[in-house]
Number of protein chains: 2
Amino acid sequence: MSVPVPPWQQRAARSRAPKQPLSLELIVRTALDLLDAEGLDAVSMRKVAQRLGTGAASLYAHVRNKDELHELMLDLVFGEIEVPRPDPRRWQDQIKAVIRRQVEVLARHPGIAQVVLRTPAPTGPNALGITEAMLAILRSAGLPDRAVAFGVDILALYGTAAALERSAGFGLDEAELGDRMRQVGEYLTQLPAERFPTIVAMLPALMSGDADERFEFGLDLIVRGLAEHASERSG
Amino acid sequence: MSVPVPPWQQRAARSRAPKQPLSLELIVRTALDLLDAEGLDAVSMRKVAQRLGTGAASLYAHVRNKDELHELMLDLVFGEIEVPRPDPRRWQDQIKAVIRRQVEVLARHPGIAQVVLRTPAPTGPNALGITEAMLAILRSAGLPDRAVAFGVDILALYGTAAALERSAGFGLDEAELGDRMRQVGEYLTQLPAERFPTIVAMLPALMSGDADERFEFGLDLIVRGLAEHASERSG
DNA sequence: ACCTGAACACCGTTCAAGT
DNA sequence: ACCTGAACACCGTTCAAGT
C-alpha cells in the first residue's frame with residue numbers, strides 16, 4: 001500500500017536529466033551526445049556531469065579519468081562501422097569501403113579522431129573488430145604478411161588524419177567556411193611569383209577538387225601500391 | 001656621468017628571465033623552449049608569461065590568442081626543414097627526404113603536429129616555402145598538375161600524422177614506453193582466436209617492425225603510386 | 001603603444017564525509 | 001559501493017588602470 005508523494009516533497013522535474021542512476025554506459029552515451037553537439041573540446045568531466053544532473057566527482061566512480069572516458073567514447077563510435085565478409089575478388093573495393101566508412105563515422109563525431117592519434121593502439125572490442133576485418137580483407141588478397149600488417153596501419157592512419165582534417169572546421173557554419181576558403185585562395189593569388197613560382201603557377205590545380213576527391217586520390221594510391229605487393233609475390 | 005645603482009635598489013636578478021623587453025619574437029621563442037621541454041599541452045599563455053617574468057595578459061599586446069601563438073610557433077618549426085633544389089632525375093629520393101625531414105622536425109617538438117591538423121592550411125612564410133619546394137620537386141618529375149597538387153597534400157598529411165603518432169608517448173621514459181609496448185603485445189596474445197582469428201594468426205607480423213620501418217613502407221607506397229601517374233602520362 | 005593585476009568563467013582531480 | 005560538495009591548482013581572455 002503506497003501513498004502518493006505530497007507535492008511539497010516532489011522535486012521539480014529536470015527537463016534534461018530524468019535522474020536515472022549513474023552507470024558507465026549512461027555516462028559514455030551522455031558524453032557522446034555532448035560530443036556531437038559541441039565537439040571534443042567541450043566534452044569535459046564537468047559538462048558531462050552537468051548533463052547528468054550531478055557533479056564531476058561522481059563520474060570518477062565509473063571512469064579513471066577524462067582520457068579513459070574519451071577512449072570509451074571512441075570505441076562506441078568504432079561500433080558504427082560495419083564490416084563486410086572478405087571476398088578475395090573484391091578486396092580492393094572492400095578495403096576502400098571500410099576506410100571510407102571509417103572517415104565518415106569519425107568525422108560525424110567532431111574531434112574524436114584526435115583520440116585515435118593520442119591512443120597508442122585502440123584496444124576496445126569494436127576497434128579490434130575493425131582491425132580484424134581489415135586484416136582479413138588484405139590477407140584474403142594474398143598479400144605478404146608484412147604488407148597486410150603495415151598496410152592496415154597506414155590505411156587507418158590515413159583515414160584518421162583525413163577525418164580529423166574534415167572536422168577541423170566544426171562550429172563554423174557553411175558561410176563562414178566558404179569565407180575561409182575564399183580568403184585562403186585570395187591570399188595565395190597575391191603571393192609574389194618570384195618567391196613562390198610553383199605555387200603561383202599551379203594555383204588552379206591547388207584550388208581544384210574538394211576534400212572527397214583528394215581523399216579518394218590518396219586512397220587509390222595506397223591501395224594500388226598494396227596491390228603491387230600482391231602481384232610481386234604471385235609473379 | 002652615470003652613478004652606480006645603490007644595492008638596495010638593485011632587483012634580485014631572476015635566473016630564468018633577464019628582463020628583456022617583450023616582443024613577438026621573444027614570446028614565440030620562449031613558447032618554443034617550453035614546448036620542447038614539456039610538450040604542447042604545457043604551452044599555456046600563463047606558463048609562457050611566467051617564463052618571461054610577466055603575466056598572461058601582457059602577451060595579448062603581441063598575439064591575438066593562444067591559437068595564433070601556436071601557429072607562429074609552428075611556422076618557426078617549419079623553418080628547420082631545409083629543402084633541396086629540384087633535380088628531376090632524383091625526384092623520388094628528394095621528395096622522400098623532405099617528408100622524412102618533416103617528420104623528424106615535427107616530432108622533435110612534441111605535439112606541434114596537432115597544430116598542423118587544426119590549422120586549415122598553414123600559411124606562414126616557412127610553411128609556404130616547404131610547399132613551394134615539394135610542389136617543384138613533383139612538378140620536375142613531369143607529373144600531371146592534379147597529381148602534383150594532390151600528391152603534396154597527401155604526403156604532408158601522412159608525414160604530419162606519423163609525426164603526431166611519434167610524439168604520442170612524450171613524457172614517458174624509455175622504460176615506461178617499453179612496458180606499454182609489452183603490455184599491448186601480451187594483451188593481443190591473449191585474444192580469443194575464435195573471435196579475432198586474423199589478428200591472432202598475424203601476431204608476429206603485427207608486432208614486427210619499428211615506427212620507422214612502417215613509415216618508410218607507406219612513404220614508398222605513396223611515392224611509387226605517384227611515379228605511376230608520371231609514367232601514365234609519358235607512356 | 002605597451003604593460004599590469006584583478007576578475008570572470010571555466011578546467012581535472014582529490015578528498016573527507018555521507019548513504 | 002556509490003555519490004557528493006568543497007577545495008586545490010590550474011586554464012584563456014577581458015578590462016580598467018597605469019606608464
Side-chain angles (χ1 to χ4, degrees), chain A residues 9 11-12 14 16-32 34-35 37-74 111-112 114-115 118-119 170-172, chain B residues 9 11-12 14 16-32 34-35 37-74 111-112 114-115 118-119 170-172:
Chain A
Q9 284 186 10
R11 299 247 217 138
R14 301 210 183 213
R16 274 283 177 177
K19 203 69 181 195
Q20 291 179 249
L22 232 41
S23 74
L24 185 57
E25 208 212 322
L26 183 60
I27 291 171
V28 179
R29 276 215 328 261
T30 305
L32 218 42
L34 183 57
L35 173 72
E38 306 185 25
L40 187 70
D41 290 346
V43 181
S44 63
M45 298 299 274
R46 292 173 115 107
K47 278 204 193 139
V48 173
Q50 190 183 253
R51 282 200 169 213
L52 290 162
T54 182
S58 303
L59 306 183
Y60 286 84
H62 301 88
V63 141
R64 211 192 317 277
N65 54 32
K66 194 176 73 161
D67 281 354
E68 189 177 292
L69 175 57
H70 282 350
E71 280 165 36
L72 290 166
M73 293 163 67
L74 175 61
I112 195 75
Q114 282 175 53
V115 181
R118 252 198 276 284
T119 311
F170 178 76
L172 288 63
Chain B
Q9 284 187 11
R11 298 249 216 135
R14 300 214 184 209
R16 273 285 178 175
K19 201 71 182 193
Q20 291 178 250
L22 231 42
S23 75
L24 184 57
E25 207 211 323
L26 183 61
I27 290 171
V28 179
R29 276 214 326 262
T30 305
L32 218 41
L34 183 57
L35 172 73
E38 307 185 25
L40 187 70
D41 291 346
V43 181
S44 63
M45 299 300 274
R46 292 173 116 107
K47 278 204 191 137
V48 173
Q50 189 182 254
R51 282 201 169 211
L52 289 161
T54 182
S58 303
L59 307 183
Y60 286 85
H62 301 87
V63 141
R64 210 193 318 275
N65 54 33
K66 194 175 73 161
D67 281 354
E68 189 177 292
L69 175 56
H70 282 350
E71 280 165 36
L72 290 166
M73 293 164 66
L74 175 62
I112 194 75
Q114 281 175 53
V115 181
R118 252 199 276 284
T119 312
F170 178 75
L172 287 63

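Since this is a predicted model, take the numbers as computed values, not measurements. Residue numbering restarts at 1 for every chain, and letters A, B, ... go by the order of the sequence lines.
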Sugar-phosphate, base or nothing in reach of A:S58, heavy atoms under 4.0 Å: base
Separation between OG of A:S44 and CD of A:Q50, rounded to the nearest 0.5 Å: 8.5 Å
Given A:V115, A:L35, A:V48, A:I27, the one that forms side-chain contact (heavy atoms from CB on, under 4.5 Å) with A:M73: A:L35
Same-atom distance (P) from C:dA9 to D:dA9, integer angstrom: 22 Å
Any A:T54 side-chain nitrogen or oxygen under 4.0 Å from OP1 or OP2 of D:dT4: yes
Short side-chain N/O contact to C:dC3 OP1/OP2 from B:H62, under 4.0 Å: yes
Any donor-acceptor pair under 3.5 Å from A:T30 side chain to A:L26 backbone: yes
Nearest-angstrom distance from the residue atom NZ of B:K66 to P of D:dT13: 7 Å
Of the listed nucleotides C:dA6, D:dC3, D:dG12, the one nearest the side chain of B:A57: C:dA6
Pairing annotation in dot-bracket form, given for DNA chain D with Watson-Crick or G-U pairs under 3.5 Å and | for cross-strand partners: ||.|||||...|||||.||
Spatial distance of atom NE2 (A:H62) from atom CG (A:L69) [nearest 0.5 Å]: 12.0 Å
Spacing between A:L40 atom CG and C:dG12 atom P, to the nearest angstrom: 11 Å
Distance, rounded to the nearest Å, where A:L69 contributes CG and C:dT13 contributes P: 10 Å
Atom pair distance, as rounded to whole Å: CD1 in B:I27 and P in D:dG12: 14 Å
Whole-Å gap separating P (C:dG5) and CG (B:L59): 12 Å
Integer-rounded Å distance: D:dG5 P and A:Q50 CD: 13 Å
Working for side chain to side chain contact (heavy atoms under 4.5 Å, CB included), residues B:L72 and B:E68: CA-CA 6 Å; B:L72 290 166; B:E68 189 177 292; 4.3 Å; yes
Nearest-0.5 Å distance, CD of residue B:Q114 to CG of residue B:L40: 5.5 Å
Value in whole Å for how far the P atom of C:dA7 lies from CZ of B:R46: 13 Å
Spacing of A:E71 atom CD and A:R64 atom CZ [to the nearest 0.5 Å]: 9.5 Å
Closest to the B:A56 side chain, choosing from D:dT13, C:dG12, C:dC3: D:dT13
Minimum-distance nucleotide to B:Y60 side chain [options: D:dC3, D:dG5, D:dG12]: D:dG12
OP1 or OP2 of C:dC11 under 4.0 Å from side-chain N/O of A:K47: yes
Nearest-angstrom distance from the residue atom CE of A:M45 to C1' of D:dC11: 17 Å
